[in-house]
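All figures in this text were calculated on a predicted structure; none of them were measured in a lab.
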Amino acid sequence: QVQLVESGGGLVQAGGSLRLSCAASGSTFSINAMGWFRQAPGKQRELVAAISSDGRINYADFVKGRFTISRDNAKSTVYLQMNSLKPEDTAVYYCNSRKYFSIIPWSTPSGDWGQGTQVTVSS
């Protein structure tokens with residue numbers, strides 16, 4: 001299994017930016033697909049962005065043009081750069097590691113999860 005630790009969350013004003021990091025332990029990081037999910041109070045967990053081992057990327061419609069996912073395999077770390085933040089982006093953001101990028105739908109729970117990091121966007 002993979003252990004994941006998120007960091008970089010916090011409080012920011014609407015229109016501001018944050019960069020989330022997810023540091024992974026384990027020998028399979030470089031070949032695993034990575035994703036960021038978020039869960040707001042009273043809402044279901046939803047995919048924000050995902051990136052494959054070779055750089056293929058999927059974004060949720062609600063973050064396209066604002067968020068950027070990237071990974072550094074040498075550092076076993078995946079990032080989520082969040083710009084133009086909105087109050088509705090407020091949620092706990094979770095890092096996810098799984099074996100397949102496209103074979104299993106990202107709506108299906110799979111793989112390993114971090115503990116989450118809180119992002120709060122004020123209006």
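- In this structure Thr120 satisfies the side chain to side chain donor-acceptor pair (under 3.5 Å) test together with Gln118, sequence neighbours excluded.
- Taking hydrophobic clusters as Ile, Leu, Val, Met, Phe, Trp and Tyr residues chained together by side-chain heavy-atom distances below 4.5 Å, Phe101 does not share a cluster with Val2.
- One distance of note links CG of Leu47 with CG of Asn96; it measures 8.5 Å at 0.5 Å rounding.
- Ala49 and Leu80 make their closest contact through CB-CD1, 4.3 Å (heavy atoms, listed as atom of the first residue, atom of the second, distance).
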Can you list the steps and then say if Trp36 with Ile51 is a side-chain contact (heavy atoms from CB on, under 4.5 Å)? CA-CA 9 Å; Trp36 287 98; Ile51 185 168; over 6 Å; no

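- Proximity of a side-chain donor or acceptor of Glu6 to a complementary backbone N or O of Gly116 within less than 3.5 Å is detected.
- Between Ala14 and Pro87, the shortest heavy-atom contact is CB-CD, 4.1 Å.
- Stacking of Arg45 on the aromatic ring of Tyr94 is recorded, both the 6.0 Å distance cut-off and the 45° axial limit being met.
- In terms of the ring pair (Phe, Tyr, Trp, His ring centres under 6.0 Å) criterion, Tyr93 has no residue partners (sequence neighbours excluded).
- With hydrophobic clusters built from ILVMFWY side chains whose heavy atoms lie under 4.5 angstrom apart, Val92 does not share a cluster with Leu85.
- Taking CZ of Phe29 as the reference point, atom CG of Leu4 lies at 8.5 Å (rounded to 0.5 Å).
- Atom CD of Gln115 sits in a crowded spot, with more than 12 heavy atoms from other residues, nucleotides or ligands closer than 6.0 Å.
- Residues Trp113 and Phe37 bring their aromatic ring centres within 6.0 Å.
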Arg38 and Asp89: CA distance, side-chain angles, deciding distance, salt bridge (charged side-chain N to carboxylate O under 4.0 Å, His left out) verdict: CA-CA 9 Å; Arg38 71 185 188 186; Asp89 294 320; 2.8 Å; yes

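- Contact annotation: the side chain of Gln81 approaches that of Asn83 to within less than 4.5 Å [non-hydrogen atoms, C-beta and beyond].
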Step by step, work out the side-chain contact (heavy atoms from CB on, under 4.5 Å) result for Gln3 and Val5. CA-CA 7 Å; Gln3 290 190 320; Val5 180; 5.8 Å; no

Taking it one step at a time, do Ser97 and Asn32 satisfy side-chain hydrogen bond (donor to acceptor under 3.5 Å, both in side chains)? CA-CA 6 Å; Ser97 175; Asn32 279 12; 3.0 Å; yes

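- The CZ atom of Phe62 lies 10.5 Å from the NZ atom of Lys86; values are rounded to the nearest 0.5 Å.
- Atom CG of Asp72 is separated from atom OG of Ser21 by 10.5 Å, given to the nearest 0.5 angstrom.
- Of the residues Met34, Arg71, Arg19, the one that meets the side chain to side chain contact (heavy atoms under 4.5 Å, CB included) test with Tyr79 is Arg19.
- Contact annotation: the side chain of Leu20 approaches that of Met82 to within less than 4.5 Å [non-hydrogen atoms, C-beta and beyond].
- Thr117 places a side-chain N or O within 3.5 Å of a backbone atom of Gly9 that can act as its donor or acceptor partner.
- Grouping the Ile, Leu, Val, Met, Phe, Trp and Tyr side chains by contacts below 4.5 angstrom, directly or via other members, places Ile57 apart from Ile104.
- Glu46 CD to Gln44 CD: the interatomic distance, rounded to the nearest 0.5 Å, is 9.5 Å.
- Side chain of Thr77 to main chain of Lys75: a donor-acceptor pair is present (N/O by atom type, distance under 3.5 Å, no hydrogens or angles).
- Note that CG of Asn73 and CD1 of Ile31 are 10.5 Å apart. Values are rounded to the nearest 0.5 Å.
- Among pairs with a residue in residues 99-110, none fulfils side chain to side chain donor-acceptor pair (under 3.5 Å), at least two apart in sequence or across chains.
- Heavy-atom minimum distance, Phe67 versus Val48: CD2-CG1, 3.6 Å.
- Across every non-hydrogen atom of Ser17 and Ser84, the tightest pair is OG-N, 4.4 Å.
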